[in-house]
Chemist: 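After the structure tokens below, expect a handful of questions from me.
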Amino acid sequence: MSDKIVLTLPDGKSVEHPAGIIALDAARAIGPKLAEAAIAAKLDGQFIDLRATIPHSGKLEIVTLKSPDAAEVYRHSMAHILAEAVRKLFPDAQFGIGPTIENGFYYDFLLSRSLTTEDLEIVEKEMKAIIAAKEPFSYALLTKAEAMETFRKLNQPLKLELIGEIPDEKVSVYTQGEFADLCRGPHLPHSGVIKHFKLLSVAGAYWRGDEKKPMLQRIYGTAFATKEELDAYMNMLEEAKKRDHRKLGKELDLFSVHEEVGPGLVFWHPKGARIRHIIESFWKEQHFRNGYEMVYTPHIGRAWLWETSGHLGFYKDSMYSPMKIDEFDYFIKPMNCPFHIMIYKTQNRSYRDLPLRWAELGTVYRYEKSGVLHGLLRVRGFTQDDAHILCTPEQIESEISEVLRFSLSIWRAFGFEKVKAYLATRPEKAVGEPTRWDQAIESLKRAVDKEGLECEIDEGGGAFYGPKIDLKIKDAIGREWQMTTIQFDFNEPERFDMTYIGADGEKHRPYMVHRALLGSLERFFGVLLEHHGGAMPTWLAPVQVIILPISDKHIDYAKKVEDGFRRAGIRVNTDFRSDKIGYKIRAAQLMKIPFMVVLGDEEANAGTITVRKRSGENMPGLSLEAFVKGEEWKKESC
RNA sequence: GCCGGCGUAGCUCAGUGGUAGAGCAGCUGAUUCGUAAUCAGCAGGUCGUAGGUUCAAUCCCUAUCGCCGGCUCCA
């Protein structure tokens, strides 16, 4: 072992230090100010604690509060502060884990009683005291036996379980104040560095995420380096609440769900249905233009079909119980694919017939556990914008490329520009020849590259029957939603013995790709609503224009104008109530109607209209024709 | 499914061991008005459901259904 290590700094310079130097001293050697600002270090991209010895040569980076990685460090420390506070309030508490997550942190506890939201305030107060005390985080590297002894004394069986599973010889233990915790670190120098935090919620969570293990109580919180950032985050949460599609659905009279009928079953009201109709029409037109054919298939099918497809074997628990018809068991469909396969098998297919692209807005029903239902985002009956592509091995790459390209064009049309891909590869248990898997994964990768999409690879995350690409979109307030899925299927073509005759006159197995672009119409509608905050772009708005007569004197003129809009193919309503104009505007504004047309003496006399946009901006004295042909309308309505 | 919370009028919510209230929306009337709420009146609820405790339950207890926040799951 060498007695020196060489550290490369971010500016490219290399420095030499004696082996055994701690990160803080390495920082000090760079500059005393940096050492003061430092909260952690990174060696070759891995976090290490300032108090830890630098184990080997490599690229060294000093993390300060201004670093992009800083949040990970201080939120983790905040989780420890949370745990310390809980320990003070519940001396017999047992501690689970307390990691950082996107936008925050949590800690899991086993407590003698259930926490309430009132408890959060008490815990927060305790945390503030710990922050004010500026307790140093002390760092110790212990052997596993020593650590076991420590946590046995502290009566922390959950920690013992964790230590038992760590492969390393030594483990690090951090202590601040009265609280010691097994932890990889790194941590802040002391508990007073970050003051801007908020505890957000309490929830149950299985120990180690295993539903067979006991349920712990989890406290979620968030923390930021500055008050401004914390406020901005809290505002974002507020904004998300305002945009909640369940709330908007009620306010805008778009959809409902009824306990008497069944949870997770959606009723589309006229305005919601109108939006859905526009989405569906657009979707169908786009599919025809992009080389798809439509098919329609039944809602139920005999057990034979689901036995053959394998669904009864793999997903019986989430399929609705069969109904008996003429002595046969019929199941409500949880997927459309077996039906599309039946169509495929009505003929001998030639390689000349391929690719086949068959799309269907297919309504399926799946039994989802009661606790997972959520507005329109997780339901039991939903319509997939499904399609199946059947092609030869030679065609697969261009087909995948084409699906991706098509998908992105659809997302842009609906106003989503930020899309990210997630590629899931072969899991341990998988059907299908490995060469097919490899080819499929390669073509997925190349397609993603070709579209210049950012892509994360989920190694081993594919379904047993094939690899897949999922697309996540980012909404107006920065939240990601998983929507599109493009999945290979090596299972069903086999099970249904699908074939085509190749140029060689021999039978071959076609490739089968399932894809849903929007996912389900219900879920997509929910996301779309939240993205737009209910203020749908004009082309999707159920009511595009509302006519607001100033007084009853103007009703005749209003009717005339309404008729003009209707003949121009515009979705128009008139508010005939004898209320004041302010009242009508408020009502229209709350319904988020894109254009209000205010009609009074001025307009009736001149034969014009005054348009008030949803933004509040006014466009006075236009003719109806000029407005409908004008930029404003065009910009908003297509 | 699991943990915790919640369930009162169409909506948002107040309330109490002695069988219920407000605002908005709705309806009727008056008002005829120029850019986010005109005034008045009327009507509207077996307090999620089923048991139990009690002289008496919307309130306390139990079960159940649903919703909400998470966990697990999501072909």
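Computation of the quantities below employed the complete heavy-atom set of this structure, encompassing side-chain atoms and omitting hydrogens, waters and symmetry-equivalent molecules. Chain naming here is simple, since letters A, B, ... match the order of the sequence lines and numbering starts at 1 in each. Since this is a predicted model, take the numbers as computed values, not measurements.
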Chemist: Contact class for A:K584 (heavy atom, under 4.0 Å): base, sugar-phosphate, or nothing?
Modeler: nothing
Chemist: Any base atoms under 4.0 Å from A:G582, or only sugar-phosphate, or nothing? Heavy atoms, all strands.
Modeler: sugar-phosphate
Chemist: Give me the one residue out of A:Q487, A:E492, A:E494 that meets side chain to side chain donor-acceptor pair (under 3.5 Å) with A:Y465.
Modeler: A:Q487
Chemist: Under 4.0 Å, heavy atoms only, any strand: does A:I581 hit a base, just the sugar-phosphate, or nothing?
Modeler: sugar-phosphate
Chemist: Do A:T610 and A:E603 have a side chain donor and acceptor closer than 3.5 Å?
Modeler: yes
Chemist: Heavy-atom contacts under 4.0 Å between residues 515-535 of chain A and RNA chain B, which residues?
Modeler: none
Chemist: What nucleotide among B:U12, B:U38, B:G70 has an atom nearest to a side-chain atom of A:A203?
Modeler: B:G70
Chemist: Would you say A:S578 places a side-chain N or O within less than 4.0 Å of OP1 or OP2 belonging to B:U32?
Modeler: no
Chemist: Across the strands shown, which category fits A:Q487 at heavy-atom distances under 4.0 angstrom: base, sugar-phosphate, nothing?
Modeler: sugar-phosphate
Chemist: With a cut-off of less than 4.0 Å, is there a side-chain N or O of A:H374 near OP1 or OP2 of B:G69?
Modeler: yes
Chemist: NA contact type, A:R612, heavy-atom cut-off 4.0 Å: base, sugar-phosphate, or nothing?
Modeler: base
Chemist: Could you say whether A:Q589 or A:L373 is positioned toward the 5' end of RNA chain B, judged by the nucleotide with the nearest heavy atom to each?
Modeler: A:Q589
Chemist: I'd like the C1' distance from B:G7 over to B:U64, given in whole Å.
Modeler: 13 Å
Chemist: OP1, OP2 of B:C71 versus side-chain N and O of A:Y220: anything below 4.0 Å?
Modeler: yes
Chemist: How would you label the contact of A:G600 with the nucleic acid (heavy atoms, under 4.0 Å): base, sugar-phosphate, or nothing?
Modeler: base
Chemist: Give a yes-or-no answer on whether the side chains of A:S256 and A:W268 include a donor-acceptor pair shorter than 3.5 Å.
Modeler: no
Chemist: Classify A:T116 by what it touches in the nucleic acid, base, sugar-phosphate, or nothing, heavy-atom distance under 4.0 Å.
Modeler: nothing
Chemist: Which of residues 333-344 of chain A have a heavy atom under 4.0 Å from RNA chain B?
Modeler: A:P334, A:M335
Chemist: Within the structure shown, what part of the strands sits under 4.0 Å from A:F464 by heavy-atom distance: base, sugar-phosphate, or nothing?
Modeler: nothing
Chemist: Please list, in numerical order, the residues of residues 359-368 of chain A that have a heavy atom closer than 4.0 Å to any atom of RNA chain B.
Modeler: A:R366, A:Y367
Chemist: Look at the side chain of A:R218 and decide which nucleotide, out of B:C71, B:G34, B:A75, has an atom nearest to it.
Modeler: B:C71
Chemist: Just to be sure I understand the rule, does A:S318 reach a base, reach only the sugar-phosphate, or reach nothing, if contact means heavy atoms closer than 4.0 Å?
Modeler: base
Chemist: Hey, is the side chain of A:K212 poking within less than 4.0 Å of OP1 or OP2 on B:U72, counting only N and O atoms?
Modeler: no
Chemist: Evaluate the side-chain hydrogen bond (donor to acceptor under 3.5 Å, both in side chains) criterion for residues A:Q217 and A:S114: first the C-alpha distance (whole Å), next the side-chain angles of each, then the deciding distance (0.1 Å), finally the verdict.
Modeler: CA-CA 8 Å; A:Q217 297 191 65; A:S114 301; 4.8 Å; no
Chemist: Touch check for A:K369, heavy atoms < 4.0 angstrom, all strands: base, sugar-phosphate only, or nothing?
Modeler: base
